[in-house]
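Take a look at the structure below.
Computation of the quantities below employed the complete heavy-atom set of this structure, encompassing side-chain atoms and omitting hydrogens, waters and symmetry-equivalent molecules.
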Amino acid sequence: MPKSLKKIGVMTSGGDAPGMNAAIRSVVRACAFHKITCVGIYRGYQGLIEGDMEELNARSVKNIINRGGTFLKSARSKDFRTKEGRKKAYDHLVNNEIDALVLIGGDGTFTGGMIFNQEFGFPVIGIPGTIDNDIYGTNFTLGYDTALNTVVDAIDRIRDTASSHDRLFFIEVMGRDAGHIALNAGVGAGAEEILIPEENLGFDRLMESLKRSRKSGKTSSIVVVAEGDKTGENVFELAQKVESEMPFYDIRVTVLGHVQRGGTPTCFDRVLASRMGVKAVETLMDGQSNLMVGIKNDKINLTPLDKAVKGKTEINKELIRVSEIMTT
Ligand code: F6P
C-alpha cells in the first residue's frame, strides 16, 4: 500500500441509480476492513467544492444495501466545470487530508474526475453507476439491471390495459443516447417494435411493421421508444404521425420517466456494487488510479478512465435479430 493512503473520499455524482447505496456501503466497509478512514462527500462535486463531508464508519452504512437512490445525494455541478471550482474542491481534499477519491457515477462524473486528476495529480477511481449502461469497459453499470426490471414490470401493466382496449401504446424509456434499456426491456416485455438510436428503423418500416402486425391478427401493440431515438421529433409527435396514417388505431403514449431511476436494487446490482466497491479501494491501495472498475464475463476488470469516457458501447446485434424474429 502506498504510504500516503490513509483516507479515501467517496461520492455519488450525476443521475442517481439503484445500487449506488450498496456501492457506498462496500467502499466504506472495504476501507474499514483495511483500516483506512473513509469520508463521505455529499452532493457529488458540488458538495466537495463546499466542503460538505463527514467521516463514515462500517455502522454508518447499515441498512442501506436495499435502498434505491443515494444517501450521499447527487448533483450535476456547474461550478466543478470551472478551474476555480476545482481548485476549491482540491483545497478541501488537502485540508481534510483525503488521499484519493472513489467516484460513483456516469461519463460526466468520470470526465470531471479525469480533468481533476490531470490538473492536480489527485488519485481517482470510478465505479460506473447509471441506469443507461452506456459506459465502455463494463458489461453492466450499477442500476441498469434494476431499471430493466422496473421497465418490464411497467410494460406488463400497460399491456393489460392495451389489450383490454385494443390500443396501440408508444412507451418512451430512458437511456439518453443509448438504446440498451429499450432493446433489453423491449425483448423482455415482448414489445412489437423497439426503436433505438443505434439502429434507425425509419418511419416507413415502422408503418410496414405495424400493418403486418394488424394483418396477422394483433389487436393491440406495444412500441418501445428509446428517448434518444430519432424516428420522430419526440414520442408524442411520432404517435401523432402514426395516427394520421392509421386512424383506425386508438393510440396512447406513456413516458416512463424517472420512475425508472428509483426503487429497490435487484440482487444483481447489490452484488455487483459490493464487488466493485472492494475492487475500487484495493486498486487505490495498490497505488493505481485514473481507472474505472468494471465487469466483463463475470470478472471484475479495470479500464483507463479516458477509454471508459471516450469508448462507445456496442448494441447487442444478436438481440436485435431476436427481437425481429419475436415480432413475426
Ligand atoms: O443518465 C441517466 C438518465 O436517467 C438518462 O437516462 C436521462 O436521459 C437523464 O439521466 C435524465 O436526467 P435528469 O434526471 O437530470 O433529468
Side-chain angles (χ1 to χ4, degrees), residues 130-135 139-141 143-163 166-243 245-246 249-261 312-328:
T130 164
I131 64 165
D132 301 339
N133 207 37
D134 59 347
I135 307 284
N139 293 148
F140 299 103
T141 56
Y144 172 60
D145 183 65
T146 305
L148 283 183
N149 284 289
T150 304
V151 172
V152 166
D153 181 59
I155 298 176
D156 286 351
R157 288 162 194 261
I158 292 171
R159 185 179 289 287
D160 289 346
T161 173
S163 67
D166 290 340
R167 281 175 170 159
L168 167 60
F169 267 84
F170 286 83
I171 304 174
E172 187 194 89
V173 302
M174 279 186 171
R176 209 180 283 277
D177 305 319
H180 304 290
I181 295 179
L183 180 59
N184 281 268
V187 170
E192 277 66 40
E193 270 311 330
I194 302 167
L195 305 182
I196 53 173
E198 294 88 346
E199 285 274 308
N200 191 2
L201 179 70
F203 186 72
D204 294 343
R205 273 189 53 203
L206 171 66
M207 294 303 294
E208 269 168 37
S209 157
L210 288 174
K211 277 181 199 151
R212 247 197 335 270
S213 283
R214 202 166 166 89
K215 242 186 166 173
S216 75
K218 284 187 188 169
T219 52
S220 66
S221 286
I222 304 273
V223 177
V224 173
V225 185
E227 65 176 336
D229 180 74
K230 295 284 174 281
T231 311
E233 284 287 304
N234 57 50
V235 69
F236 293 99
E237 192 260 1
L238 176 65
Q240 257 177 15
K241 251 170 88 179
V242 172
E243 199 162 33
E245 300 227 1
M246 295 181 144
Y249 261 129
D250 189 10
I251 298 181
R252 293 291 185 276
V253 174
T254 303
V255 176
L256 291 185
H258 287 79
V259 75
Q260 297 162 93
R261 285 239 296 262
K312 271 257 151 247
T313 52
E314 296 285 318
I315 202 78
N316 186 340
K317 298 268 188 213
E318 181 250 346
L319 197 51
I320 293 180
R321 185 160 174 272
V322 168
S323 91
E324 281 163 5
I325 293 173
M326 289 304 109
T327 56
T328 308

Quick one: salt bridge (Lys or Arg N to Asp or Glu O under 4.0 Å) partners of Glu324, sequence neighbours excluded? none
What residues, two or more places apart in sequence or in another chain, satisfy salt bridge (Lys or Arg N to Asp or Glu O under 4.0 Å) together with Lys317? Glu199
Apply the test side-chain contact (heavy atoms from CB on, under 4.5 Å) to residues Thr146 and Leu148: give CA-CA distance (whole Å), side-chain angles for both, the deciding distance (0.1 Å), then the verdict. CA-CA 5 Å; Thr146 305; Leu148 283 183; over 6 Å; no
Nearest 0.5 Å, please: how far is [atom2] in [Y] from [atom1] in [X]?
{"X": "Asp166", "Y": "Ser221", "atom1": "CG", "atom2": "OG", "answer": "10.0 Å"}
{"X": "Glu198", "Y": "Asn200", "atom1": "CD", "atom2": "CG", "answer": "11.0 Å"}
{"X": "Ile320", "Y": "Leu201", "atom1": "CD1", "atom2": "CG", "answer": "10.5 Å"}
{"X": "Glu243", "Y": "Leu238", "atom1": "CD", "atom2": "CG", "answer": "11.5 Å"}

Quick one: does [X]'s side chain get under 4.5 Å of [Y]'s, heavy atoms only?
{"X": "Ile251", "Y": "Val242", "value": "yes"}
{"X": "Phe236", "Y": "Val255", "value": "yes"}
{"X": "Val224", "Y": "Phe170", "value": "no"}

Is the backbone of [Y] close enough, under 3.5 Å, to the side chain of [X] for a donor and an acceptor to pair up by distance?
{"X": "Thr254", "Y": "Leu256", "answer": "no"}
{"X": "Glu227", "Y": "Gly175", "answer": "yes"}
{"X": "Gln260", "Y": "Gly257", "answer": "yes"}
{"X": "Asn316", "Y": "Glu318", "answer": "yes"}

Please give me the minimum heavy-atom distance between [X] and [Y], naming the atom from each residue.
{"X": "Asn133", "Y": "Thr141", "value": "OD1-N, 2.8 Å"}
{"X": "Ala162", "Y": "Ile222", "value": "CB-CD1, 4.3 Å"}
{"X": "Ile131", "Y": "Gly143", "value": "CG2-O, 3.6 Å"}

Using the side-chain hydrogen bond (donor to acceptor under 3.5 Å, both in side chains) rule, collect all pairs that involve residues 229-238, keeping only residues at least two apart or in two chains. Asp229-Thr231
With sequence neighbours excluded, residues passing side chain to side chain donor-acceptor pair (under 3.5 Å) with Asp153: Arg157
Review item, side-chain donor-acceptor pairs of residues 203-214, under 3.5 Å, at least two apart:
from: Ser209; atom 1: OG; to: Glu193; atom 2: OE2; distance (Å): 2.3
from: Ser213; atom 1: OG; to: Ser209; atom 2: O; distance (Å): 3.3

Using side-chain contact (heavy atoms from CB on, under 4.5 Å), reason through Val223 and Ile171 one step at a time and then give a plain yes or no. CA-CA 6 Å; Val223 177; Ile171 304 174; over 6 Å; no
Please list, one pair per line, the donor and acceptor atoms closer than 3.5 Å that link side chains of residues 176-191 to other protein atoms, with sequence neighbours excluded.
from: His180; atom 1: NE2; to: Thr313; atom 2: OG1; distance (Å): 3.1
from: Asn184; atom 1: ND2; to: Tyr144; atom 2: OH; distance (Å): 3.0
from: Asn184; atom 1: ND2; to: His180; atom 2: O; distance (Å): 3.1

